[in-house]
Amino acid sequence: MLKGSIVALVTPFDKFGQVDYIELGKLLDYHCDNKTDGIVILGTTGEASCLTFEEEAKIVEFSVKRVNKRIPLIVGSGSNETEKAVVMSKKYSELGADYVLVITPYYNKTNESGLIKHFQAVADASKCPVIMYNVPGRTGMSISIHAIEVLSKHPNIYGIKEASGNMSYSSKVAKYISDDFHMFSGNDDIIVPMMSIGAEGVISVLANIAPIKTHEICKLCLNNDFKKANEIQLKFLDLINSLFLEVNPIPVKEAMNYLGFNVGGYRAPLDYMSDDNKTKLINIIESIKEEIK
């Protein structure tokens with residue numbers, strides 16, 4: 001079963017702005033070797049919205065081969081257009097993804113019945129289980145609790161990445177957690193609260209730079225040692241918050257480059273971090289650098 005620390009992996013680019021497959025391979029190996037429990041590619045942190053369909057497919061093929069079933073590989077395949085999400089989910093599942101991660105429609109959004117049909121269509125087409133992704137701060141819409149109730153019964157919908165940051169909403173979602181429907185935190189700052197109500201792990205930005213500690217927080221929670229997990233969570237809270245001083249993944253890529261990962265820059269419209277925020281980020285990294293390892 002999928003549980004624990006699941007890294008929302010960045011997409012590394014070379015100096016020409018092209019996908020750096022040498023560095024991508026190193027990152028995949030790094031997480032397989034450093035207690036990460038699963039890897040998400042082509043997610044928000046991976047700048048999927050700025051990749052071409054051809055680049056995405058190549059990244060999936062490369063990652064499936066490189067990870068080679070050492071840990072679960074989750075592939076972002078969502079779209080605000082249902083047919084596109086269906087096609088991508090089917091393709092990536094056939095290429096070897098263990099799960100696909102599917103965001104709610106954005107910009108055009110939808111009504112509740114359309115949202116239910118959207119996820120059902122993707123789940124019917126995918127050859128691997130589907131994880132829904134609720135992040136209203138980016139999409140402008142949330143999955144209604146009634147829709148959760150309906151969709152949690154679909155045999156190919158594995159669960160939800162819940163990234164609203166709203167614990168009241170998350171608690172209502174938790175009512176539908178079962179052996180067949182699972183919840184994962186989408187926010188690093190509330191891993192422990194989310195796991196205390198039934199989440200089985202986190203899809204994490206923090207894990208890009210602190211995979212062992214993120215794994216440790218999740219493992220402690222899974223073992224019901226929430227007190228010790230919370231101590232680590234609070235120790236890393238300033239670092240977690242610094243990774244969102246600017247829009248994700250700008251700060252985490254800056255942090256990774258500072259720590260010696262060669263992940264390069266960004267795809268437009270993202271730009272480099274401001275000097276003031278970069279200084280704040282580096283100062284926080286330095287203050288906790290020995291704990292990151």
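Counted by atom type alone, His215 and Ser5 present zero donor-acceptor pairs between their side chains at under 3.5 Å. Glu56 and Tyr92 share a side-chain donor-acceptor pair at under 3.5 Å. Thr11 and Glu47 are not linked by any side-chain donor-acceptor pair at a separation below 3.5 angstrom, with hydrogens and angles left out of the test. Between the side chains of Thr45 and Asn248, at least one donor N or O sits under 3.5 Å from an acceptor N or O. Between the side chains of Glu23 and Asn262, no donor N or O sits under 3.5 Å from an acceptor N or O.
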key: Stepwise side chain to side chain contact (heavy atoms under 4.5 Å, CB included) check, Met1 with His182   = CA-CA 10 Å; Met1 292 178 64; His182 311 267; 3.1 Å; yes
query = Given the rule in the salt bridge (Lys or Arg N to Asp or Glu O under 4.0 Å) test, do Lys213 and Glu216 qualify, once you have shown the distances and angles that lead to the verdict?
reply = CA-CA 5 Å; Lys213 285 298 183 181; Glu216 187 177 350; 3.5 Å; yes
ask   = Going through the checks in order, is the side chain to side chain contact (heavy atoms under 4.5 Å, CB included) test met by Met256 and Ile209?
value = CA-CA 6 Å; Met256 292 177 75; Ile209 60 173; 3.5 Å; yes
task = Given side chain to side chain contact (heavy atoms under 4.5 Å, CB included), test Phe181 with Ile157 step by step and report yes or no.
result = CA-CA 7 Å; Phe181 187 76; Ile157 293 180; 4.1 Å; yes
Worked verdict on Lys228 versus Glu231 for salt bridge (Lys or Arg N to Asp or Glu O under 4.0 Å) = CA-CA 5 Å; Lys228 182 64 179 296; Glu231 289 174 2; 5.4 Å; no
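Note on Lys153 versus Asp180: no salt bridge recorded, every NZ/NE/NH1/NH2 to OD/OE distance being 4.0 Å or above. Using a cutoff of 4.0 Å between basic side-chain nitrogens and carboxylate oxygens, Glu55 and Arg267 are scored as salt-bridged. A salt bridge does not link Asp37 to Lys3: none of the charged nitrogens lies less than 4.0 Å from a carboxylate oxygen. Using a 4.0 Å cut-off between charged side-chain N and carboxylate O, Glu94 and Lys90 make a salt bridge.
To the nearest 0.5 Å, the span separating OG on Ser185 from CD1 on Ile160 amounts to 11.5 Å. Atom CG of Asp238 sits about 5.5 Å away from atom CD1 of Ile284, to the nearest 0.5 Å. For the atom pair Lys84 NZ and Ser79 OG, the distance stands at 5.0 Å (nearest 0.5 Å). Note that CD1 of Ile232 and CD1 of Ile217 are 5.5 Å apart. Values are rounded to the nearest 0.5 Å. Taken from CE in Met132 to CD1 in Ile148, the straight-line distance is 4.0 Å, to the nearest 0.5 Å. One finds the CG atom of Leu42 at 11.0 Å from the OG atom of Ser49 (value rounded to the nearest 0.5 Å).
Of the residues Ile282, Asp276, Asn283, Asn277, the one that meets the side-chain contact (heavy atoms from CB on, under 4.5 Å) test with Thr279 is Asn283. Paired with Val40 under the rule side-chain contact (heavy atoms from CB on, under 4.5 Å), one option of Ile203, Leu73, Ile131 passes, and it is Ile203.
Taking the side chain as every heavy atom from C-beta outward, His118 and Pro105 approach each other to under 4.5 Å. Between Val75 and Met88 the shortest side-chain heavy-atom distance does not fall below 4.5 Å. Ser77 is not listed as a side-chain neighbour of Ser126, based on a closest heavy-atom distance of 4.5 Å or more. In this structure, Gln233 and Ile240 have side chains that are in contact, with non-hydrogen atoms separated by less than 4.5 Å. The side-chain heavy atoms of Val10 and Phe261, taken from C-beta on, include no pair separated by under 4.5 Å. Counting heavy atoms from C-beta outward, Pro251 and Phe244 have side chains that stay 4.5 Å or more apart. Within the 4.5 Å cutoff, side-chain heavy atoms of Glu112 are placed close to those of His146. Here the side chains of Ser63 and Leu28 are in contact, with some heavy-atom distance below 4.5 Å.
A continuous path of hydrophobic side-chain contacts links Phe53 to Ile59 [ILVMFWY only; heavy atoms under 4.5 Å]. At a threshold of 4.5 Å between side-chain heavy atoms, the hydrophobic network of Ile, Leu, Val, Met, Phe, Trp and Tyr places Leu151 and Tyr133 in two separate groups. Transitive grouping of hydrophobic side chains (ILVMFWY, heavy atoms separated by less than 4.5 Å) keeps Tyr99 and Val122 in distinct clusters. Linking ILVMFWY residues whenever their side-chain heavy atoms come closer than 4.5 Å, directly or via other members, places Val252 and Leu281 in the same cluster. Hydrophobic clustering of Ile, Leu, Val, Met, Phe, Trp and Tyr side chains at less than 4.5 Å, counting indirect connections, keeps Leu243 apart from Leu237.
Without hydrogens or angle criteria, Asn156 side chain to Ala123 main chain gives a donor-acceptor distance under 3.5 Å. Remark: side-chain polar atoms of Asp188 are paired, donor with acceptor, to backbone N or O of Leu206 under 3.5 angstrom. Side chain of Tyr169 to main chain of Ser144: no donor-acceptor pair is present (N/O by atom type, distance under 3.5 Å, no hydrogens or angles). In this structure, Asn208 contributes its side chain and Val205 its backbone to a donor-acceptor pair below 3.5 Å. A distance-only check finds a donor-acceptor pair linking the side chain of Asp20 to the backbone of Ile22 [under 3.5 Å]. Listed for the Thr36 side chain is no donor-acceptor partner under 3.5 Å among the backbone atoms of Cys32. Looking only at distances, no side-chain donor or acceptor of Arg138 sits under 3.5 Å from a matching main-chain atom of Asn134. For Asn187 (side chain) and Asp189 (main-chain N/O), no donor-acceptor pair under 3.5 Å exists by modelled atom type. Panel note: side chain Asn257, backbone Lys253; a donor-acceptor pair is recorded below 3.5 Å. A donor-acceptor pair is defined here as one N or O able to donate and one able to accept, closer than 3.5 Å; no such pair exists between the side chain of Asn68 and the backbone of Arg70.
Relative ring orientation between Tyr266 and Tyr272 is described as perpendicular, the plane-to-plane angle rising above 60° on a 0-90° scale split at 30° and 60°.
For His154 and Phe119, the ring centers are positioned 6.0 Å apart or more. Remark: aromatic rings of Tyr21 and Phe62 are close, center separation under 6.0 Å.
Across all non-hydrogen atoms, the minimal contact from Ser93 to Lys127 is OG-N, 3.0 Å. Between Asp98 and Pro72, the closest heavy-atom pair is OD2-CA, 3.4 Å. Taking all atoms of both residues into account, the shortest heavy-atom contact from Tyr176 to Ser152 is CB-OG, 4.2 Å. A pairwise comparison of heavy atoms in Val100 and Ser89 identifies CG1-O, 4.1 Å as the closest pair. Residues Pro211 and His31 come closest through the heavy atom pair CB-ND1, 4.0 Å. Across all non-hydrogen atoms, the minimal contact from Cys218 to Met195 is O-CE, 3.6 Å.
Counting non-hydrogen atoms of neighbouring residues, nucleotides and ligands closer than 6.0 angstrom, the CG atom of Asp275 reaches no more than 12 such neighbours.
Lys161 forms no cation-pi arrangement with Phe184, by the criterion of a distance under 6.0 Å to the ring centre and an angle within 45° of the ring axis.
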